Amino acid sequence: MWQYEFMQNAWIAATVISILCGIMGVFIVARQLAFLTHTLSEIGFAGASFGVWLGWTPLNGMLLFTVLSALTAGTLDRDKPVKDTLISLISAFFMGLGVLFLAISKAGTAYATNILFGSIVGISHHDVNQIILIAGVEFLVILVLYRRLKFAFFDPLGAQSSLQHGGLISLCFLVMMSLSVSVVSQIVGSLLVFALLTLPAAAAQFWGHSVHALMAWSIAFALLGTWLGLACGYWTNLPVTFFITTIETLIYLISAGLHRYWS
């Protein structure tokens, strides 16, 4: 299996993205941002289609659309939360926009399927380098802002009264989340981003009792899902995305079941 370059690229990308998801997912679940993550993924679909239309890589198009969306969301009045109907409207509009870009770019249905549901075994060496670069920047930012992020996300009431530059930190996190959505889409596609960004972190809540422990469990669950998913996809010639999402779902259900039994 490892003698093939496409499997080596897939394994490296999956490992880096899983570690990133394990860390980012803890903050996303803590602040209940899963719905926003899903919305960004649908905006990312339009961005990927836009990139295909212009002759870019889908990842570059996703990065453009999701980062701009995150910057826009960060400028909104936080005292007036966005209604679910408006979020649904935005999601529907960008999904339609993505279909339009694919149609006028003359891209085939296979291309659309790869954007929507991922194609990790099709990741090139250039894609791997780009993913490592983006993830490396995010790791560095998280390291620098870790204490403030932990305070803002796990003690929001205290952070409102005493944390300086809270708005800037929130905006920075939104941008990091948009970058994460874009790179995760390379594995599971734009429609199934939440499988890696939220399910491992959600399952970790049943095992970890500190932020460090939550991250450790979340990274372990994400790695387990992607590594096993890659192996199963190679052995069966079935979509890797199916195995990853199924494994992560089972991990969450088993964790929740054991927690309920022991409680």
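These numbers come from a predicted model, not from an experiment. The basis for the numbers below is simple: all heavy atoms, side chains too, and nothing from hydrogens, waters or symmetry mates.
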Partner set under side chain to side chain contact (heavy atoms under 4.5 Å, CB included) for Leu68, not counting sequence neighbours:
Leu64
Which side-chain N or O atoms in residues 206-216 pair as donor and acceptor under 3.5 Å with protein atoms at least two apart or in another chain?
{"from": "Trp207", "atom 1": "NE1", "to": "Ser255", "atom 2": "OG", "distance (Å)": "2.9"}
{"from": "Ser210", "atom 1": "OG", "to": "Ala213", "atom 2": "N", "distance (Å)": "3.2"}

Under the side chain to side chain contact (heavy atoms under 4.5 Å, CB included) test, which residues partner Leu250, sequence neighbours left out?
Thr246
Distance, nearest 0.5 Å, that separates CD of Glu42 from OG1 of Thr37:
11.5 Å
Just jot down the side-chain hydrogen bond (donor to acceptor under 3.5 Å, both in side chains) partners of Thr66, sequence neighbours excluded, or say none.
Ser182
Who are the side-chain hydrogen bond (donor to acceptor under 3.5 Å, both in side chains) partners of Thr198, not counting sequence neighbours?
none
Any side-chain hydrogen bond (donor to acceptor under 3.5 Å, both in side chains) pairs touching residues 5-17, not counting sequence neighbours?
Thr15-Trp227
Among residues at least two apart in sequence or on other chains, which ones pass side chain to side chain contact (heavy atoms under 4.5 Å, CB included) with Ala195?
Leu199, Thr245
Name all residues meeting the side-chain hydrogen bond (donor to acceptor under 3.5 Å, both in side chains) criterion together with Ser180; count only those two or more places apart in sequence or in a different chain, and write none if there are none.
Glu138
Measure the CG-CG distance between Leu36 and Leu174 for me, rounded to the nearest 0.5 Å.
6.5 Å
Set of ring pair (Phe, Tyr, Trp, His ring centres under 6.0 Å) partners for Phe242, sequence neighbours left out
none
Ignoring hydrogens and angles, write down the donor-acceptor pairs under 3.5 Å from the side chains of residues 23-33, residues two or more places apart or on other chains.
{"from": "Arg31", "atom 1": "NH2", "to": "Ala152", "atom 2": "O", "distance (Å)": "2.6"}

Mind checking whether Tyr4 and Tyr234 have parallel, tilted or perpendicular rings, split at 30° and 60°?
tilted
For Gln205, enumerate each residue passing the side-chain hydrogen bond (donor to acceptor under 3.5 Å, both in side chains) test, keeping only those at least two apart in sequence or located in another chain.
none
For Asn129, all residues meeting side chain to side chain contact (heavy atoms under 4.5 Å, CB included), sequence neighbours excluded:
His125
